[in-house]
Amino acid sequence: MPSPAVKPQRQAPKAPTERTLSFVDAVREAAELEMARDPNVLVFGLDVDDPKAIQGTTRGLVEKFGPERCFGTPLSEDAMTGAAIGMALAGLRPVHVHIRMDFLLLAMNQLLNVAAKSRYMYGGRVNVPLVVRAMIGKSWGQGAQHSQGLHGMFMHVPGIKVVAPATPYDAKGCLAAAIRDDNPVLYVEHRLLHFTKGPVPEAAYTVEPGKARITRRGADVTLVGISSMQVECLRAAAYLEAIGIDAEVIDPIWLSPLDMDTICESVERTGRLIVVDTAWTNCGAAAEITAQVAERLQGIRDLRLKRMGFAPTTCPTAPNLEDLFYPNARTVAAAARDLVEERACGWLPAERADLKSIEFKGPF
Amino acid sequence: MNARLYRSLYRIRRVEEEVARAYPTDAIKSPVHLSIGQEAVSVGVCEALRPTDIVFGTYRSHAMYLAKGGDLNAMVAEMYGKATGCARGKGGSMHLIDTDAGVMGTSAVVGTTIANAAGYAYALKTRRSDAVVVCFFGDGASEEGVFAETLNFASLKSLPVLFVCENNGYAIHTSQAKRQGRPDIAARAEAYGIPADRLDGSDVTGLLERTRTVLSGMRTLGGPHFFEVKTYRWREHVGPGRDFALGFRAESEAEPWVKNDPIPRLAALLPAAERAAIVQEVEAEVAAAFAFAEASPFPDPAELMIDIYQEAGNALACR
Ligand SMILES: Cc1ncc(C[n+]2csc(CCOP(=O)(O)OP(=O)(O)O)c2C)c(N)n1
């Protein structure tokens, strides 16, 4: 199936005649199309078949494909991940869903010791085509144990791929690509992105691993925004435009394998990089991207680099503290201006109504 | 049947004795966990299996691998880290695989394959296959959370898995009594609604017969089953030697097991000529396997970066 998104220098898909779909429906549609295309695909996880159907991302799958191919599991993240691996070894293509990424910590042994290792340690005799969907929570007091972005821990380990789509278009294309991939893939979903809408073609397509997308062209500073921080970076670019700074924004989409070529080519032009992650910065995706840029461009280009992400603390629940915990469009814009002007400008743009973050109302 | 069982047991014993003999030369640079003394569990169960049935094991799985029909040359070469090994020299003794023989993997992390076996059984069930999955693990593994989680899932979905707990009484140097509030492991399976047997690991024919009966039920009616098999490890936990001198167990404890060793008992039941022929064949096969391993090349340096991902050449891993 040819994908519109695998061409070099991926452009944001814009086709005015196309449907608009929510991120949730894009995920659901990808699962439905892949399950229809390949009888080996199955979807399971805690509560995937309950009335709320994981915010709607699994709605209708059990009715359409039956309870053998879509089922809710016992509360057993460890064993169910191990079972998913066993299914994959037998030729099925399981999609295991976790409503919070924090719960992956109970499945770490199977994911990193077994799924990521099996092909290599068995000398290429087996594949583990497993997709793990994991959601990052944010706001409305998600707190310490419902808000973590742990994708960096998975980027650290060879043998498992990591993808963090930021648009409905990529949500659908990346899930299809992940399901068709013969390797284990961690598919990171940000809970706030679930509410976003965007153009999504009706037919099946894939957004293949290892290719980033330049989502806004600019000359002064490169902003790499991961997952929900992609949205904040695009908003930051709008704040910066108002003061005459022209930001380039890149969505890496796939974190492992990472498209460092696209990022380095951009930083070589702008000389300035901010990587904004929905995770802690130390030892994370932002640290990795920044380090690789520094390694590649040192001696070639004078560089100014910065990482942004969660404050180096535990996520609090009080709304005022929670706001301070996360980067946002305005703090990103402020940091970018400092980088460009090479001084502490002490500037924070006044919040614009058209650039406000998504309003999220609880309970979950 | 006695001849078959004898042959299989004797072959495994001799392979592992050869491993122990070769080990001090340092040609085998891989931690080896010998099953000497425990072979009858693998042989009794695997003799009842079909080639299309699947087994999963642990780091102590030389016996299981061979009893299920895994390739001997490839196993020994794997221990030697050679390119001709079953995992192309990249897994070692603890990561044995032979997909053609239905050996789907063994793990160095205690308990992990228990869940993998259940998942494989789920796949077989969705395909309406009458094949079954057997999962071998130790008494220590029954203390891991994944054991309890998997028993529940296998029971819930009525999966065709035979759980075989090889209870040798120790996890490394620590006795079961120091680790478990209730020693009856089979009872834990029963608590999840899984029928269980408590079996004697030196009675190879009894194990074979019981496995046959249980499997014929599983193939037609489905559903998991559990064996707790009492057995005894004669050698140290890891490595070729003995460990009685450490003082954590008395040598006298091993005596009844050595006395009941099914290998000489079966040998005594065979006509001398038949027994001699088996011995001769096995000795030649074992010697050839070690010679094959010695003569095989080490993996090409390029292998370091191959098979991290499925993609040919692993361009992705090198980025
Ligand atoms: C998860 C995990 N914890 C600890 C270890 C270290 N370890 C290796 S073997 C072993 C003992 C396991 O005993 P048992 O399951 O009874 O198997 P046996 O060695 O007796 O065959 C331990 C604790 C490990 N490999 N994996």
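Numbers restart at 1 for each chain; the letters A, B, ... are given by sequence-line order, proteins then strands.
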Participant: With a 4.5 Å cut-off on heavy-atom pairs, point out which of A/A84, A/P39, A/A116, A/G124 contacts chain B the most.
Facilitator: A/G124

Participant: Go through it in stages, so that I can follow the logic: the residues are B/R128 and A/E68, the test is salt bridge (Lys or Arg N to Asp or Glu O under 4.0 Å), and I'd like the CA-CA distance, side-chain angles, deciding distance and then a yes or no.
Facilitator: CA-CA 12 Å; B/R128 312 290 175 256; A/E68 233 174 39; 3.0 Å; yes

Participant: Are B/Y122 and A/F71 close enough, and set up right, to give a side chain to side chain contact (heavy atoms under 4.5 Å, CB included), and what steps lead you there?
Facilitator: CA-CA 12 Å; B/Y122 187 90; A/F71 62 92; 3.0 Å; yes

Participant: Answer with side chain, backbone, both or neither: which region of B/V109 has an atom nearer than 4.5 Å to a non-hydrogen atom of chain A?
Facilitator: side chain

Participant: If you look at every heavy atom in A/A90 and B/A123, which pair is closest and at what distance?
Facilitator: CB-CB, 3.4 Å

Participant: Does B/H237 have more than 12 heavy atoms from other residues, nucleotides or ligands lying within 6.0 Å of its NE2?
Facilitator: yes

Participant: Would you check, one step at a time, whether the test side chain to side chain contact (heavy atoms under 4.5 Å, CB included) holds for B/E311 with A/N183?
Facilitator: CA-CA 9 Å; B/E311 286 78 358; A/N183 305 286; 3.2 Å; yes

Participant: Examine whether an atom of B/E78 lies under 4.5 Å from a heavy atom of chain A, and if so say whether it belongs to the side chain, the backbone or both; otherwise answer neither.
Facilitator: neither

Participant: Any idea which heavy atoms bring A/R125 and B/T99 closest together, and the distance?
Facilitator: O-CG2, 4.1 Å

Participant: B/Y309 and A/R119: side chain to side chain contact (heavy atoms under 4.5 Å, CB included), yes or no, with the steps?
Facilitator: CA-CA 7 Å; B/Y309 297 96; A/R119 183 176 171 90; 5.9 Å; no

Participant: In terms of heavy-atom pairs under 4.5 Å, which option from A/N113, A/D181, A/I85, A/N109 contacts chain B the most?
Facilitator: A/N109

Participant: Does anything in residues 147-157 of chain B reach chain A? List residues with heavy atoms under 4.5 Å apart, or say none.
Facilitator: B/E149, B/T150, B/N152, B/F153, B/L156, B/K157

Participant: Heavy-atom distance under 4.5 Å to chain B: side chain of A/I160, backbone, both or neither?
Facilitator: backbone

Participant: Heavy-atom distance under 4.5 Å to chain A: side chain of B/I114, backbone, both or neither?
Facilitator: neither

Participant: So, taking the atom named CG in B/D307 and the one named OH in A/Y122, what distance separates them when rounded to the nearest 0.5 Å?
Facilitator: 14.0 Å

Participant: In Å and rounded to the nearest 0.5 Å, what is the CD to OH distance from B/E303 to A/Y120?
Facilitator: 7.5 Å

Participant: So how far is it from A/K117 NZ to B/S107 OG, rounded to the nearest 0.5 Å?
Facilitator: 11.0 Å

Participant: Regarding B/N116 and A/Q110, is there a side-chain donor-to-acceptor distance under 3.5 Å anywhere?
Facilitator: yes

Participant: Minimum heavy-atom separation for A/L92 and B/R127, please, with both atom names.
Facilitator: CD2-NH2, 3.7 Å

Participant: Please name the pair of heavy atoms, one in A/P158 and one in B/I308, separated by the smallest distance, quoted to 0.1 Å.
Facilitator: CB-CG2, 3.8 Å

Participant: Once salt bridge (Lys or Arg N to Asp or Glu O under 4.0 Å) is applied, do any residues pair with A/R301, and if so which ones, sequence neighbours excluded?
Facilitator: none

Participant: How about residues 62-77 of chain B versus chain A: which residues have heavy atoms under 4.5 Å apart?
Facilitator: none

Participant: Sort by residue number and list every residue of residues 81-93 of chain B having at least one heavy atom under 4.5 Å from chain A.
Facilitator: B/G85, B/C86, B/A87, B/R88, B/K90, B/G91

Participant: Heavy-atom distance under 4.5 Å to chain B: side chain of A/S256, backbone, both or neither?
Facilitator: side chain

Participant: Please classify the contact between B/T112 and chain A as side chain, backbone, both or neither, with a heavy-atom cut-off of under 4.5 Å.
Facilitator: both

Participant: With rounding to the nearest 0.5 Å, note down the distance linking CD in B/E144 to CG in A/D78.
Facilitator: 8.5 Å

Participant: Search all heavy atoms of A/L89 against all heavy atoms of B/F56 and return the closest pair with its distance.
Facilitator: CD1-CE2, 3.8 Å

